[in-house]
Amino acid sequence: MDDKLNKGGMWDRVSGMWKQFKGEAKKQWGKLTDDDLMEVEGNRDKLAGKIQERYGVAKEDANRQIDEWAERLKV
């Protein structure tokens with residue numbers, strides 16, 4: 001996990017505004033279902049797990065994708 005996203009508070013903002021960002025997550029990872037996104041509830045580790053599960057990628061790759069996506073959100 002990229003510490004700069006957590007220590008800098010970026011993921012805290014994403015988590016706190018998850019309802020607003022769910023649609024952006026759905027655009028990024030179209031294989032995630034609405035139920036997946038509801039279950040994630042802004043939890044970064046759960047999101048990484050769902051990406052791993054749906055896309056068959058390693059944990060490190062899922063975390064890299066989340067880092068890149070969160071940086072593009074400009075929160």
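Atoms considered below: every heavy atom in the structure, side chains included; atoms not considered: hydrogens, waters and symmetry mates.
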List the residues meeting salt bridge (Lys or Arg N to Asp or Glu O under 4.0 Å) with E39, not counting sequence neighbours, and say none if there are none.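 Salt bridge (Lys or Arg N to Asp or Glu O under 4.0 Å) check on E39 returns K50.
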Step-by-step side-chain contact (heavy atoms from CB on, under 4.5 Å) determination, L32 to L47: CA-CA 9 Å; L32 296 181; L47 178 58; 3.8 Å; yes
Do the side chains of R72 and E24 get nearer than 4.5 Å, heavy atoms only?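 No - every pair of side-chain heavy atoms lies 4.5 Å or more apart.
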Within a strict 4.5 Å, meaning less than it, do heavy atoms of the W69 and V14 side chains meet?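 In contact.
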Atom pair [atom1]/[atom2] of [X] and [Y] - distance to nearest 0.5 Å:
{"X": "I66", "Y": "R44", "atom1": "CD1", "atom2": "CZ", "result": "5.0 Å"}
{"X": "I51", "Y": "Q28", "atom1": "CD1", "atom2": "CD", "result": "8.0 Å"}
{"X": "Q52", "Y": "E60", "atom1": "CD", "atom2": "CD", "result": "8.0 Å"}

Flag, side chain of N63 to backbone of K59, donor-acceptor distance under 3.5 Å: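 Confirmed, N63 side chain pairs with K59 backbone.
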A62 backbone acceptor or donor facing Y55 side chain under 3.5 Å: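 A pair under 3.5 Å: no.
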All side chain to side chain donor-acceptor pair (under 3.5 Å) counterparts of T33, not counting sequence neighbours: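 Checked T33 against side chain to side chain donor-acceptor pair (under 3.5 Å); matches are D36.
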Listing, residues 15-22 side-chain donor-acceptor contacts under 3.5 Å, not counting sequence neighbours, or none:
residue : atom : partner : partner atom : Å
S15     : OG   : G42     : O            : 3.3
W18     : NE1  : L37     : O            : 3.1

Do W29 and Q65 pair up side chain to side chain, a donor and an acceptor below 3.5 Å, judged on atom types alone?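 W29 vs Q65: donor-acceptor pair found between side chains.
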Can D67 and R64 be counted as an ion pair, charged N to O under 4.0 angstrom?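 No.
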